[in-house]
Peer 1: 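Got a structure for you, written out below as structure tokens; questions coming shortly.
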Number of protein chains: 2
Amino acid sequence: MEEQNKKILLVEDDPNFGTVLKDYLMMNDYDVVHAKNGMEGFEKFKKDDYDLCILDVMMPYKDGFTLAKEIREKNTEVPIIFLTAKAMKEDVLKGYKVGADDYLNKPFDSEVLLMKIKAIMQRKATDTVADSKQFEFKIGRFDLNSKLRFLKFDGGEPTKLSPKENELLRLLALHENDLMPRELALTKIWRDDNYFTSRSMDVYIAKLRKYLKPDTNVEILNIHGEGFRLVVNNQ
Amino acid sequence: MEEQNKKILLVEDDPNFGTVLKDYLMMNDYDVVHAKNGMEGFEKFKKDDYDLCILDVMMPYKDGFTLAKEIREKNTEVPIIFLTAKAMKEDVLKGYKVGADDYLNKPFDSEVLLMKIKAIMQRKATDTVADSKQFEFKIGRFDLNSKLRFLKFDGGEPTKLSPKENELLRLLALHENDLMPRELALTKIWRDDNYFTSRSMDVYIAKLRKYLKPDTNVEILNIHGEGFRLVVNNQ
DNA sequence: TCTAATGTTAACGTTTGGTTAAACCTAATT
DNA sequence: AATTAGGTTTAACCAAACGTTAACATTAGA
């Protein structure tokens, strides 16, 4: 079977730089769609599936961060790389809680970009192929359907789960009987790691514990300073 | 089994440009029929089945939008790509709610066109092969005939459905007991995804729920932020 | 014993969905 | 040309769902 080229959405308003970059990427066997501004970028994003988005931050009408946020609403998985100005400080970037996979200061070495792209694709290949298909879990006497977002106890009436409840429980289930690091949930689900999101996560842990109460053999344990552990006592 | 070439209807009044484009597409293994104006385009469209239509917007006698509308009346599925003048604004295009799959500004990069075509064909290939032939559904005690657009309860008098009601219920039925994503309905039926079409869809969901009331085992559930689910409780 | 981490509940603001009715549009009819 | 009817969209209002934050309580571990 023929390997399909990876598809990249490149949003860059500088026509010269954009074209050069596009050509360079295409020379390296990527399919590249080039949008000239944030608006157009979002339109193109909606029209197709991409393996990676490369967004310039400084753009007229709609900056890269705003665009990234819109993209995230549609798709929580697709990797995003920001092209930023040299001057921008780390903390400014962190302020925009978007969940980028990488930042790159302009001007940058195209070799570096290529390596980053490869690394990101690799990462995605290993951690989503196996994961993404897993939507159903048996947790003690519960059945979690993560696609339809419900939790059934003993095959009875399903309880609806909110998106966050669902993702958190799914992540715990993926690590059943093992440590699910706090940080993992925060970066994967909240896409940010600070005091407040951490507290928010605790709130969701409390909610999940309530849901799981009916089965006394199932519990969510805390590992102080590390994370949580979904334990299922067999028998 | 021999793979059949995809068939493209190209409607373009500029003879030079049209011929060049036709040749280019044929070189890339598409079967292309070239019509020189809207009138002729519609004649050819009626005479055959096409996998894609590429329509120039600016044409004498019958412009591309008008032609597209006529095509849509005959066929709600076939993808349409418009070739537009550079000057045309997004919102002008949006005004013509025809349901295009893409727009392309002239002059354009032929590579881009080719990629768009591939993407569109791909999309169609994955989501209609199995679906498109199914027009009759049993939904609990209801029978939906999607071709004739009626809904029968217990084999009694059929209720007539409007086109939108019909397509929406059909799409739900195709995903019975599974998630039918909001976005899917919006892009497939409304061919646009914005606040208002989304609200319009909600209105139709309400209408369908009313129709389905007689059978208490049938319901349309909402999955917050995701879409809807047509559930049939067996027994 | 003292501090940082966690548990829990409730309040709040925001987004999304449910529903109804009016406005709008188009094609057919008068 | 005006009217009507069917279909669809838009508007408005309300309710439900969600996520975050604050506040206070409890616990773990240095």
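Throughout, protein chains are lettered first and strands after them, A, B, ... in sequence-line order, and every chain is numbered starting at 1. Hydrogens, waters and symmetry mates are skipped; everything else that's a heavy atom, side chains included, is used. None of these values were measured; they are calculated from a predicted model.
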Peer 1: Could A/Asp202 and A/Arg182 be called an ion pair, given the rule that one side-chain N must be under 4.0 Å from one carboxylate O?
Peer 2: yes

Peer 1: May I ask you to decide if the ring planes of B/Phe153 and B/Phe142 are parallel, tilted or perpendicular, using 30° and 60° as cut-offs?
Peer 2: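 Geometry flag for B/Phe142 against B/Phe153: tilted rings.
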
Peer 1: Once each nucleotide of nucleotides 23-30 of chain D is scored for protein heavy atoms under 4.0 Å, what B/S/- sequence comes out, 5' to 3'?
Peer 2: B----SS-

Peer 1: Check A/Lys7 with A/Asp48, please: is the shortest side-chain N to carboxylate O separation under 4.0 Å?
Peer 2: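 Here A/Asp48 pairs with A/Lys7 in a salt bridge, since their nearest N and O are under 4.0 Å apart.
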
Peer 1: Whole angstroms only, please: what is the CZ-P distance between B/Phe228 and C/dG17?
Peer 2: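 These atoms are roughly 6 Å apart.
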
Peer 1: So do the side chains of A/Val78 and A/Ile71 get within less than 4.5 Å of each other, counting heavy atoms only?
Peer 2: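 Result yes, sub-4.5 Å side-chain heavy-atom pair found.
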
Peer 1: Would you indicate, yes or no, if D/dC18 has its OP1 or OP2 atom less than 4.0 angstrom from a side-chain nitrogen or oxygen of A/Arg149?
Peer 2: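 The answer is yes; a side-chain N or O of A/Arg149 sits under 4.0 Å from OP1 or OP2.
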
Peer 1: Could you tell me how far apart A/Lys207 (NZ) and C/dT6 (P) are, to the nearest whole angstrom?
Peer 2: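 Going from A/Lys207 (NZ) to C/dT6 (P), I get 19 Å.
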
Peer 1: Under 4.0 Å between any heavy atoms, over every strand shown, what does B/Lys210 touch: base, sugar-phosphate, or nothing? Just pick one.
Peer 2: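 Here B/Lys210 touches the backbone only, sparing every base.
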
Peer 1: Nearest-Å distance, CG (B/Leu168) to C1' (C/dG18)?
Peer 2: 15 Å

Peer 1: Find the distance A/Ile189:CD1 to D/dT20:P and express it as a whole number of Å.
Peer 2: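 Distance, rounded to whole Å: 11 Å.
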
Peer 1: State, yes or no, whether a side-chain contact exists between B/Asp154 and B/Asp215 at a heavy-atom distance under 4.5 Å.
Peer 2: no

Peer 1: By nearest heavy atom, map A/Lys164 and A/Phe196 onto DNA chain D; which one lands nearer the 5' end?
Peer 2: A/Lys164

Peer 1: Could you tell me whether the phosphate oxygens of D/dT20, OP1 or OP2, come under 4.0 Å of any side-chain nitrogen or oxygen in A/Trp190?
Peer 2: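 Yes, because at least one side-chain N or O of A/Trp190 sits under 4.0 Å from OP1 or OP2 of D/dT20.
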
Peer 1: Counting any heavy atom closer than 4.0 Å, what does A/Asp202 reach on the DNA or RNA strands: base, sugar-phosphate only, or nothing?
Peer 2: base

Peer 1: So, is B/Arg182 near the phosphate of C/dT16, with a side-chain N or O under 4.0 Å from OP1 or OP2?
Peer 2: no

Peer 1: What's the NZ-P distance between B/Lys69 and C/dC25, to the nearest Å?
Peer 2: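 Spelled out: NZ on B/Lys69 to P on C/dC25 is 12 Å.
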
Peer 1: Touch check for B/Ser162, heavy atoms < 4.0 angstrom, all strands: base, sugar-phosphate only, or nothing?
Peer 2: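 Answer is sugar-phosphate: B/Ser162 comes under 4.0 Å of backbone atoms only.
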
Peer 1: With no hydrogens and no angle check, do the side chains of A/Asn194 and A/Asp192 hold a donor and an acceptor under 3.5 Å apart?
Peer 2: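 Their side chains do contain a donor-acceptor pair, which is all the 3.5 Å distance test asks for.
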
Peer 1: Measure the distance from CG on B/Leu186 to P on C/dG17 and round it to the nearest whole Å.
Peer 2: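 One finds 10 Å between P of C/dG17 and CG of B/Leu186, rounded.
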
Peer 1: Can you check the B/Leu208 CG to D/dG7 P distance for me, whole Å?
Peer 2: 14 Å

Peer 1: A/Glu226 has an atom CD; how far is it from atom C1' of C/dT6, in whole Å?
Peer 2: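 It is 14 Å, rounded to the nearest whole Å.
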
Peer 1: Between B/Thr187 and B/Asp193, do the side chains contain an N or O donor and an N or O acceptor separated by less than 3.5 Å?
Peer 2: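 Checked: B/Thr187/B/Asp193 side chains show no N/O donor-acceptor pair below 3.5 Å.
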
